[in-house]
*Asks:* 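Quick one: the structure is below, and I'll ask about it shortly.
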Amino acid sequence: MSGFNLAEGLPERPERGVYLDNNATTSVAPEVVEAMLPYLTEFYGNPSSMHGFGAQAGRALDLARDRVAAMMGAESAGEIVFTSGGSESDNLGVTGTLRAYPEKRHLITSAVEHPAVLGLCRELESRHGYEVTYLGVDGEGMLDLDELRASLRDDTAVVSVMAANNETGVIFPTEEIGAIVKEHGAVYHVDAVQTAGKLALDVARSTADLVSISGHKIHACKGVGALYVRRGTKLRPLIVGGHQERGRRAGTENVSGLVGLGVACDLSVAHRDDENTRVRGLRDRLTERIVGTVADCRLNGHAERRLPNTANISFDYIEGEGILLLLDRCGVAASSGSACTSGSLEPSHVLKAMGVPFIAAHGSIRFSMSRYNTEADIDYTVEVIPRIVERLRAITPFGKQRQTF
Amino acid sequence: MWDYTEKVLDHFMNPRNVGEVENPDGVGEVGSMSCGDALRFTFKLGDDEHIAQAKFQTFGCGSAIASSSMLTEMVIGKTLEQAAQITNEDIAAELGGLPREKMHCSVMGREALEAAMIDYYKRLGKAVPCTLIAQDVEICHCFQVKKSTIVKAVEQYGLREIEDVTHYTKAGGGCSQCHHDIRHIIDDFWQQKERGDGTVAIEGLPVAAADSERTARIRDLIENDIARGLRTDGGDIELISVEDQTVSVRLTGACASCPASQATIKGWVEAQLREHFGEDIDVVEERS
């Protein structure tokens with residue numbers, strides 16, 4: 001027995017962990033919880049009901065809608081459709097458009113979309129006979145706009161692209177894309193789940209017809225989201241039944257959750273500067289310290305055109321799951337684009353589309369911060385990372401291939 | 001988050017026998033960087049022909065590292081014949097189980113062990129026992145999975161869906177071009193199984209119902225467990241008779257002409273029967 005211990009010398013999990021997985025989900029802000037609670041207890045009415053209980057809930061919902069509209073920069077609250085989250089918003093935006101234009105059989109998206117859009121597109125192709133163009137990206141994760149221009153057709157119903165990538169944080173030029181899409185007259189859906197709360201959306205002045213956001217990525221609870229539908233945009237509902245959401249989404253609204261979403265939107269506007277200064281500083285500090293001290297690692301995605309909170313770093317010669325397990329033991333939560341963590345066998349489709357070599361894709365770790373992170377969180381993380389990487393590299397069979405060990 | 005057992009986490013956090021054996025008797029390397037996992041397994045025999053040292057180096061996830069570590073613990077102290085009987089299922093069982101999607105990690109352990117033993121026989125210029133030779137085609141090129149591995153998994157775990165085959169062997173988890181082939185392998189296996197069930201009567205022998213209980217158990221061991229290992233290499237085995245402690249068998253298919261058939265009979269078939277029916281069992285080969 002060689003007495004090897006991967007965790008040797010690593011600190012034990014501190015009482016309060018370090019949460020760096022905010023692109024997966026965020027903590028619910030205390031103000032949000034506080035605002036939600038009365039709507040789980042006292043104010044339980046159905047907003048559609050014709051009595052005082054219902055009216056109380058209805059007023060709360062109106063206020064929430066105003067707040068979401070304000071955060072997104074919509075012209076009117078009537079353009080906000082509440083949904084169960086990002087995936088439903090994406091599905092409603094894309095499928096609702098296709099149903100409104102049944103004669104158009106083509107849609108365009110990118111190869112690096114969230115599974116909510118990619119999975120839907122594959123389904124539309126394989127089961128419903130639609131043609132889908134998947135726009136490729138370059139090594140930095142950026143789209144080729146000429147490819148978009150060449151892909152647009154007369155029967156293109158909708159173009160759906162993300163505002164920023166959830167894995168790498170790379171920001172797409174949504175307005176340049178939109179200008180091209182609008183020239184051709186297709187409907188333009190933007191998946192802004194990752195940009196909401198981090199960057200200003202300003203949907204009214206944008207070229208987007210449809211914009212998806214999710215509550216739990218901006219410190220609201222899970223199970224709530226919204227789709228902005230520009231006034232005059234044709235859209236058929238996915239969920240039919242009652243008249244809620246002006247007939248665009250049936251089902252009694254999740255009042256408490258949506259009240260929380262409204263408050264979370266207000267908070268995100270108030271903290272947007274912090275996100276782009278202090279949080280960005282933490283992110284850059286983490287990146288520089290890791291890339292500066294650990295050999296054979298690299299930042300994935302465009303260095304500047306990136307969300308302020310996200311750093312995706314690859315550690316060559318080791319596999320992401322091992323890093324995550326050891327990080328977790330030290331109390332640090334992050335995520336990986338490695339195959340093993342997802343249960344699929346292929347590493348991240350995003351990194352693959354960018355042409356990141358396998359050797360790096362399998363060992364990719366995404367750190368995503370929030371306004372609740374502190375300098376101490378980052379100092380602790382950059383202290384444990386090099387030790388974890390070194391330990392895992394000590395047991396790989398690829399040691400001889402490395403120049404700098 | 002995977003629901004790993006305490007033992008998996010222990011073998012991940014405290015991997016046993018990490019590194020490389022000096023002057024190894026056998027080296028087995030499987031997987032690659034592009035596959036997402038790779039294992040280099042080395043061993044050395046002691047003077048008593050038992051495995052004295054075994055070490056591993058692994059690139060892979062938590063369960064791949066744990067499976068490799070477990071494998072080294074399991075083989076140390078065993079003869080090569082005994083080690084050859086360790087299945088991937090045994091490795092997973094020793095770890096207290098693995099998530100279904102992670103079973104391929106234990107398969108990688110078994111494959112590295114096989115590769116290292118084949119390497120051992122080749123180094124000595126000895127014939128490789130046919131139980132170790134995988135004379136079969138690669139089905140999944142993304143993960144370099146051979147047909148025998150898929151057939152074994154289909155049989156061992158009763159798999160019927162491509163997705164399950166992927167969970168157990170990784171085959172089909174990449175470009176998905178081999179899904180058609182995997183479907184065929186699954187369908188062929190079950191068709192053959194359904195055709196074969198209950199109709200396999202051995203020529204010149206009374207039917208199974210006439211066997212004594214002991215003979216029936218011997219027949220079951222030979223014609224199911226032992227034959228399974230041979231079939232993946234294109235061979236097969238039949239029970240001819242059981243007389244007291246003497247068990248007569250006939251090797252067929254590729255095994256009939258295999259130069260190492262005697263090693264198969266004595267080193268493997270006899271060893272397995274002795275384990276279950278006592279040390280006095282003597283297995284003799286009837287040549288056809």
Side-chain angles (χ1 to χ4, degrees), chain A residues 1-8 10 12 21 24 122 126 315-330 333 335-349 351-352 356-364 388 391-402, chain B residues 1-2 4 8-20 27 29-42 53 55-66 68-69 72-73 76 99-102 104-105 112 140 142-143 145 166-167 169-176:
Chain A
M1 213 149 292
S2 51
F4 199 91
N5 184 339
L6 276 180
E8 199 180 335
L10 291 178
E12 283 292 329
D21 201 12
R122 298 230 170 82
S126 62
F315 301 94
D316 295 357
Y317 307 103
I318 49 177
E319 214 279 336
E321 188 189 296
I323 305 174
L324 291 187
L325 288 169
L326 289 174
L327 274 175
D328 184 53
R329 192 180 176 283
C330 300
S335 70
S336 170
S338 95
C340 286
T341 50
S342 62
S344 78
L345 295 169
E346 290 282 300
S348 145
H349 69 284
L351 300 182
K352 242 173 74 178
V356 172
F358 277 113
I359 178 185
H362 284 296
S364 69
I388 288 173
R391 304 246 83 190
L392 286 168
R393 280 182 179 167
I395 68 169
T396 82
F398 299 120
K400 288 184 187 120
Q401 294 177 18
R402 296 190 58 215
Chain B
M1 186 95 181
W2 300 111
Y4 284 139
V8 171
L9 289 173
D10 176 40
H11 274 265
F12 167 70
M13 291 291 178
N14 308 291
R16 282 55 149 183
N17 306 305
V18 171
E20 243 178 313
V27 178
E29 286 180 295
V30 293
S32 74
M33 190 79 81
S34 60
C35 293
D37 45 22
L39 166 55
R40 183 178 157 87
F41 171 82
T42 51
Q53 291 178 62
K55 290 193 172 186
F56 81 93
Q57 292 170 303
T58 292
F59 162 75
C61 56
S63 56
I65 291 169
S68 311
S69 165
T72 59
E73 281 210 327
I76 290 174
R100 202 172 166 79
E101 294 85 347
K102 294 284 190 174
H104 60 80
C105 294
C140 168
C142 295
F143 296 106
V145 186
T166 307
H167 287 335
T169 66
K170 295 181 85 169
C175 70
S176 77

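Computed from heavy atoms alone, side chains included, the values below leave out hydrogens, waters and symmetry copies. A note on names: the letters A, B, ... follow the listed sequences, proteins ahead of strands, and every chain is numbered from 1.
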*Asks:* At their closest point, which heavy atom of B:Gly62 faces which heavy atom of A:Glu321, and how far apart are they?
*Replies:*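 Taking B:Gly62 first and A:Glu321 second, the nearest heavy atoms are N-OE2, 3.1 Å.
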
*Asks:* Any chance you could lay out the side chain to side chain contact (heavy atoms under 4.5 Å, CB included) test for A:Leu326 and B:Met13, step after step, and finish with the verdict?
*Replies:* CA-CA 8 Å; A:Leu326 289 174; B:Met13 291 291 178; 3.4 Å; yes

*Asks:* Of all the heavy-atom pairs spanning A:Pro397 and B:Ala38, show the shortest one and how long it is.
*Replies:*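 Shortest heavy-atom contact: CG-O, 4.1 Å.
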
*Asks:* Any idea which heavy atoms bring B:Phe59 and A:Tyr317 closest together, and the distance?
*Replies:*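 Looks like CD1-O, 3.2 Å.
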
*Asks:* What option among B:Leu39, B:Thr72, B:Asn14 has the most heavy-atom pairs under 4.5 Å with chain A?
*Replies:*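 Among B:Leu39, B:Thr72, B:Asn14, the one with the most close pairs to chain A is B:Asn14.
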
*Asks:* Measuring from A:Thr396:OG1 to B:Ile65:CD1, what's the distance to the nearest 0.5 Å?
*Replies:*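 Rounded to the nearest 0.5 Å, the OG1-CD1 separation comes to 9.5 Å.
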
*Asks:* Enter the distance from A:Asn5:CG to B:Asp10:CG here, rounded to the nearest 0.5 Å.
*Replies:*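 It comes to 9.0 Å.
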
*Asks:* Distance from B:Ser63 atom OG to A:Leu325 atom CG, nearest 0.5 Å?
*Replies:*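 Here the rounded value is 9.0 Å.
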
